Every structure is written in structure tokens, then in C-alpha cells.
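Read through the structure below, which is laid out as C-alpha cells, and then see the notes.
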Number of protein chains: 2
Amino acid sequence: MSAYGQYCPMAKALEILGDRWTLLIVRDMITGTTHFNELERGLPGISRALLAKRLRQLQDGGVIQKRNHRSGRQTTEYHLTEAGFALRDVVNGLLDWGAAWAFGDPTPQELDPLLLLWWMHQRVNRDQLADDRVVVQFDFYGAETGSYWLVLTPDDVTLCLTDPGYELNVLVTADLATFFKLWLGRISYQDAIRDSRVLVEGIPRHVRAFPRWFAWSPAAGAVRAAQEA
Amino acid sequence: MSAYGQYCPMAKALEILGDRWTLLIVRDMITGTTHFNELERGLPGISRALLAKRLRQLQDGGVIQKRNHRSGRQTTEYHLTEAGFALRDVVNGLLDWGAAWAFGDPTPQELDPLLLLWWMHQRVNRDQLADDRVVVQFDFYGAETGSYWLVLTPDDVTLCLTDPGYELNVLVTADLATFFKLWLGRISYQDAIRDSRVLVEGIPRHVRAFPRWFAWSPAAGAVRAAQEA
DNA sequence: CAGTATCCTATCCGATACTG
DNA sequence: CAGTATCGGATAGGATACTG
């Protein structure tokens, strides 16, 4: 019984969208995610069973469509319908409100480096990559400590939890909370570098190009706008 | 554990707003509801315990404020904060999306005449009431059958489940589903009257004035806009 | 009017394993 | 890759009754 029993457009909308995780799934799909395992990676804490259930509910609600390719090895893609794309306003509304009224510095529980790197690897400006291949190592410290690697080529971006072995081009050393705030637009790249809270090392050409390799968080604009107001 | 653990403005917004009933409470407060029992009446199916909990969560989230008047007999009012008023965009976004993509004819479960009358009594244009007192009787038929009364004065609107005894001024006879659709803007008053699906009787002056006594549903505009598109 | 208190059930989550 | 199956523990939610 997830229905409200009210003949009201908002109640009907919430019957489709109001369950836990559902609007975060839509958020990820609006930014281009199409695969089950990608969605799962972007939603740490959701169980695979529950994600499958939510995707079924979104299909039933007419928000997404399931498409199967190749009948042999399963390859399923989920795509937004026209109704799903129309949720952009709702998603942006929540993003803007959250940025203005519910967003502070990250809590320790929110400092998940793997989620941050997962987001980053999805937001690489491939057209900004001049070289054949760039290897970036991230050394985080603070509450969580660890090293992660991104291997960037114009065709492909790979996230590694162990040293991929290639020659390193850029080394980023940063407090994890600070880098999260940078990613979300709460502090500027210039400030982070100037205060030495984020250190980017490598040959000057790569160091200069580094900030342009990423599109940064889709929410960064809303966060900056909220801070200026 | 209602947190998502994501450092993202939308996830943070949904940690405050994403629970069942919460955004419907905000919807009702945006349209002017301030009292606990009024909220409960507008949300059939919610338990008093859960409503109290949600109101506490909305306070903790900075969306509403609780104000106590008179220490003797308890009189509490809930008011939106600035952050709460800022949710108007989110609420309207969901309303518009619901009207466009999730709103059809009412299901039998949604035909609650008491909720309809509760909504109507909240949306009376008191400045349109010329007389001292107008008594309107609603006779519904269809899935649910029953009679209800509204007693309208410029100072006060009362909803009665039994004949209030005063002289009747207007008698409305209608199929409940049809009157719901009229209330929500899915059909026009002219069409409903012309097709005799809604019958309004009384002295001509009252009958002519009747449709102006109500502001109709706050969602009617969105529903009409969605139907034209 | 404005809530608590209590009990019970449905759902969710986390882990683990398995399938085509 | 894309799920389903199962199981146990933890909450969330609903029904009902009671209070200052």
C-alpha cells in the first residue's frame, strides 16, 4: 500500500517517485547512467534486490524504459522516457533547494572516496585530453586515507583501486573533505591550490590542464549560486 | 538510518523531504494549513503518531517552526520558515509533473467525499459571499453515496455531515467522480452543467454565484495546462 | 486541541550465494 | 553483465487506544 488515496497530481507523482532511492536513480539517469551496475555503484548502500525493484516501479510509472540488446550475453540499458526527461525540473528544484538550505560541509560518513572517484570518472571532458593516455593518482588523507588512480584516454576512462602500472603523469594530494568540497563547488580550484590544501604535481603542462579535464559535479553550479545569495 | 551518505545537495534535500507524507504536509502548509488536526484531516490514512514524527523531522530540517499560544488549553501553530516557503518551486514542479504524466480519472479508492469537502471548505472565496449565510447541500451518487453540507458566511465556513437545520439555499447533485474532476480542473464548470452531470439548484442569483464561491483546487491550473499541451 | 503509548506487520537492508 | 533467491535483523509505518 504505497498509494495515498488522494486524487491530487502531487500525490500521484509521489506515488511513483516518493520511495526511498527513487529520485536519486532518476538523478543519475538524467546525468547519463544507463546500466544496472553503474546505478548500483553510484548508490552505495542500496541492495541489488531493491534497485531491481525500484527500476521495475519506474518502468510501471512510465519514467524509464528497459531495452535489451544481444540475446546472448545480457546487455540491458535503461533509458528515460519523455516523462522521465520532464523530471529535470523536479530534480533541479530539489538540487537548488538542497544547495540553499540543506548543504553544509561533508560529515565523516559522507567522505566516501570511492563514490567521489566514481563521480569523477563519469565527468571527464574527453575532448580536453591531448595525450594518448594520462594517469592520475589521488592520495587522500584526513578521516579516510587511500590512493586511487584514473587512467584517462580520449576513448575511455578507467578507475583503478591499485596502481595500474603505467607511468604516472599527475599526482594529486589532498584532504578528502577538501577535495569533496572542491568537487561540489563549495570552494574554488584557485583557493584550494593557493592555500595548498590540494596539491597537484606533474609536468607544468599537465598541471595546468588538470582542472579542465573534469566537468566537476553537476550540482556545483547550484552550490555556488546558493553561496553567493 | 534515513541518510543516504552522499555529499550531494539533492541527497541532503531528500533526507529531509523524502519520507512518506512529508511533501504532502509541506503542500498543505503552503496552502495555509497551520494546525495539527487540520493536517490530519487533509491526510486521510496518516496516523497521528506518524504526523507528529514528521512535524518533528520538518522542524529539525529547518522547514517549519512550532509556535505555542496560551499555555492553558493547548493551541499550537506550525508555520513554514523561509526555507519552507522556498519549497514552493519543488511542490509546483511535482504538481506540474504529476498533472502532465501521472494524472488520469480518479480511481474508486480516491473518491473520498469527505476529503473533497474538506478541500472545498478550505478554498471558499469569502469576499464573494453577499448574504449573511449560505447553506449548500451536496448529494453525491456513484460509487459512494451521501449528503454533506457547507455553511458559508463571510467570517466562517463550516463542514457538516448532518443537516445543519438552517434553510437550504443551494442543492448540488452530482456524480462524485465527476465533481472530483470538476474540482481538479479536468472538466470545466460549463461542460459539467451543460451535460447535466452536475446539477445546481436554488434561486437563480445563488445558482449563478455558486461557481465563484470557490477557488477550486490549487492544482486545477496545472491540470488544465497539462490537458491543453 | 495536540499529541503519546503500544503493538504488530510490512518493508528495507546487508550478506551471501547462485544463474543465464 | 544483470539480475534472482534467500535469510536474518532492524526500522518504518499503520491501527488503536489513551492523556493533559
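Quick note on labels: first sequence line is chain A, next is B, and so on, each numbered from 1. Not measured: the values here are computed from a predicted model.
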In which ranges does DNA chain C form stems of 3 or more consecutive Watson-Crick or G-U pairs, distances under 3.5 Å?
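In DNA chain C, stems of three or more pairs: C:1-20 with D:1-20.
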
Taking the six-membered ring of B:Tyr4, is NZ or CZ of A:Arg20 closer than 6.0 Å to its centre and within 45° of its axis?
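The answer is yes; both the distance and angle limits are met.
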
Interatomic distance where [atom1] belongs to [X] and [atom2] belongs to [N] [whole Å]:
{"X": "A:Glu40", "N": "D:dA2", "atom1": "CD", "atom2": "P", "value": "11 Å"}
{"X": "A:Arg41", "N": "D:dA2", "atom1": "CZ", "atom2": "C1'", "value": "14 Å"}
{"X": "B:Leu50", "N": "C:dA2", "atom1": "CG", "atom2": "C1'", "value": "16 Å"}
{"X": "B:Asp19", "N": "D:dG13", "atom1": "CG", "atom2": "P", "value": "6 Å"}
{"X": "A:Lys53", "N": "C:dT11", "atom1": "NZ", "atom2": "P", "value": "6 Å"}
{"X": "A:Phe36", "N": "C:dT19", "atom1": "CZ", "atom2": "C1'", "value": "14 Å"}
{"X": "B:Arg20", "N": "D:dA12", "atom1": "CZ", "atom2": "C1'", "value": "11 Å"}
{"X": "A:Tyr4", "N": "D:dG13", "atom1": "OH", "atom2": "C1'", "value": "12 Å"}

For [X] versus [Y], what's the shortest heavy-atom pair and its separation?
{"X": "A:Leu17", "Y": "A:Leu58", "answer": "CD2-CD2, 4.5 Å"}
{"X": "A:Arg123", "Y": "A:Ser217", "answer": "NH2-C, 3.9 Å"}
{"X": "B:Cys8", "Y": "A:Arg27", "answer": "SG-NH1, 3.1 Å"}

Ignoring backbone atoms, establish whether [X] has a side-chain N or O less than 4.0 Å from OP1 or OP2 of [N].
{"X": "B:His35", "N": "C:dC1", "answer": "no"}
{"X": "A:Arg48", "N": "D:dC1", "answer": "no"}
{"X": "A:Trp21", "N": "C:dT11", "answer": "no"}

Measure up the A:Phe180 and A:Trp119 rings against each other and bin them: parallel (under 30°), tilted (30 to 60°), perpendicular (over 60°).
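Judged by the thresholds at 30° and 60°, the geometry between A:Phe180 and A:Trp119 is perpendicular.
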
Identify, with sequence neighbours excluded, every residue that meets side chain to side chain donor-acceptor pair (under 3.5 Å) alongside A:Asp89.
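With sequence neighbours excluded, A:Asp89 shows a side chain to side chain donor-acceptor pair (under 3.5 Å) to no residue whatsoever.
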
Are A:Gln59 and A:Arg56 close enough that a side-chain donor and a side-chain acceptor fall under 3.5 Å?
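Absent: no donor and acceptor within the cut-off.
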
I want to confirm an ordering. Mapping B:Tyr78 and A:Arg54 to their closest nucleotides on DNA chain C, which one lands closer to the 5' end?
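The residue whose closest nucleotide sits nearer the 5' end is B:Tyr78.
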
If you assign each of A:Asn37 and A:Ala52 to its closest nucleotide in DNA chain D, which residue comes earlier from the 5' end?
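Its nucleotide being nearer the 5' end, the pick is A:Asn37.
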
